Amino acid sequence: PRCEEAFMLEGYDIVCLANSHWDGHMTSKHQIMLRLAQKNRVLYVNRGMSFLSPLTRWDEISLKQQLKEAFQGLRQISPNLFVATPPILFPFRFHKLPNILNNSITAVRLRRMIRQIGMINPILWIVQPECGAIIGKLGECVSIYHCVDEHSAVGLWWARPDTVEARERKLIRNVDIVIATSQDLH
């Protein structure tokens, strides 16, 4: 068989906690999930927003659309590809209490959506370093951290680099597999 066929996952359920919006700028996460959805069932979860999100100027997608999707259910993009948006979350997502609350709220919603789609023991594909507390709450068979950026270097006013690094280190300790998009991120 051709190399790409020999290594293609087939027949799995995959939940991707992305750090970007499905309708935003196309990234490697989108490309990977599109390809995986050819032979697997994929739930792509947009990055959640908080009630302070408008102040952070994260405007890949309009505030109106983000709010609409936070209250909307699943969207089916193709036969095997679904998109969901978490409910509105607490700000300061890297800090302990908001992180625990946000991961718990997101896990409850995702379990409902996983059942709705009919997923069983999904692969949990995490791109957001603050989502480590979801590990073990979705009945996943394996967890993957897909490191796509030096998150602590982004320079967010509400998340000190050492706080972001601590969340990411904890995530790395708890996942089964780490994939880095660059040698520098290793």
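Just so it is clear, the model here is predicted, and its values are computed rather than measured. Heavy atoms only: backbone and side chains are in, while hydrogens, waters and symmetry mates are out.
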task = State whether the side chain of Asn121 and the backbone N or O of Glu140 hold a donor-acceptor pair below 3.5 Å, judged by distance alone.
result = no
task = Nearest 0.5 Å please: distance from the CG atom of Leu36 over to the OH atom of Tyr12.
result = 11.5 Å
request  = Look up atom CD in Gln116 and atom CZ in Phe82, then write down how far apart they are to the nearest 0.5 Å.
outcome  = 8.5 Å
task = Could you state whether Ile179 and Ile14 fall into the same hydrophobic cluster, counting links through intermediate Ile, Leu, Val, Met, Phe, Trp or Tyr residues with side-chain heavy atoms under 4.5 angstrom apart?
result = yes
message = What verdict does the side-chain contact (heavy atoms from CB on, under 4.5 Å) test give for Leu43 and Leu110, after you've listed the backbone C-alpha separation in whole Å, the side-chain angles of each residue and the deciding distance to 0.1 Å?
response = CA-CA 9 Å; Leu43 172 57; Leu110 289 178; 4.2 Å; yes
message = Show, in sequence, the C-alpha distance, side-chain angles and deciding distance for Ile126 and Ile135, and conclude whether the side-chain contact (heavy atoms from CB on, under 4.5 Å) test is met.
response = CA-CA 9 Å; Ile126 300 173; Ile135 295 170; 3.8 Å; yes
task = Indicate yes or no: at least one non-hydrogen side-chain atom of His146 is less than 4.5 angstrom from one of Cys16.
result = no
ask   = Got a sec, which residues hit side chain to side chain donor-acceptor pair (under 3.5 Å) with Asn103, two or more places apart in sequence or on another chain?
value = Asn99
ask   = So do Met26 and Leu34 actually touch side chain to side chain, heavy atoms under 4.5 Å?
value = yes
key: side chain to side chain donor-acceptor pair (under 3.5 Å) against Asn174, all qualifying residues, sequence neighbours excluded   = none
query = Quick one: CD1 on Ile117 to CG on Asn80, what's the gap to the nearest 0.5 Å?
reply = 10.0 Å
message = With rounding to the nearest 0.5 angstrom, report the CG to NE2 distance, Asn46 to His21.
response = 4.0 Å
key: Residues forming a ring pair (Phe, Tyr, Trp, His ring centres under 6.0 Å) with Tyr44, sequence neighbours excluded   = Trp22, His30
task = Quick one: do Leu171 and Cys131 satisfy side-chain contact (heavy atoms from CB on, under 4.5 Å)? Show the steps, please.
result = CA-CA 8 Å; Leu171 172 62; Cys131 289; over 6 Å; no
query = Partners of Arg41 by salt bridge (charged side-chain N to carboxylate O under 4.0 Å, His left out), sequence neighbours excluded?
reply = Asp13
inquiry  = For Gln128, is there any backbone N or O sitting under 3.5 Å from a side-chain donor or acceptor partner on Asn19?
reply    = no
query = Same hydrophobic cluster for Leu124 and Leu74, using side-chain heavy-atom links shorter than 4.5 Å among ILVMFWY?
reply = yes
message = For residues Ile32 and Leu9: do they belong to one hydrophobic cluster (side chain heavy atoms under 4.5 Å, members Ile, Leu, Val, Met, Phe, Trp, Tyr)?
response = yes
note = Contacts of Gln31 meeting side chain to side chain donor-acceptor pair (under 3.5 Å) (sequence neighbours excluded), chain-then-number -> Arg35
inquiry  = Arg111: which residues meet the side chain to side chain donor-acceptor pair (under 3.5 Å) condition with it, sequence neighbours left out?
reply    = none
key: More than 12 heavy atoms from other groups under 6.0 Å of NZ on Lys137   = yes
message = Walk me through whether Ile77 and Met33 qualify under side-chain contact (heavy atoms from CB on, under 4.5 Å).
response = CA-CA 12 Å; Ile77 305 299; Met33 293 305 135; over 6 Å; no
task = Please check if atom CD1 in Ile120 has more than 12 non-hydrogen atoms from other residues, nucleotides or ligands closer than 6.0 Å.
result = no
query = When hydrophobic residues are tied together by side-chain contacts of less than 4.5 Å, even through go-betweens, does Val142 share a cluster with Val127?
reply = yes
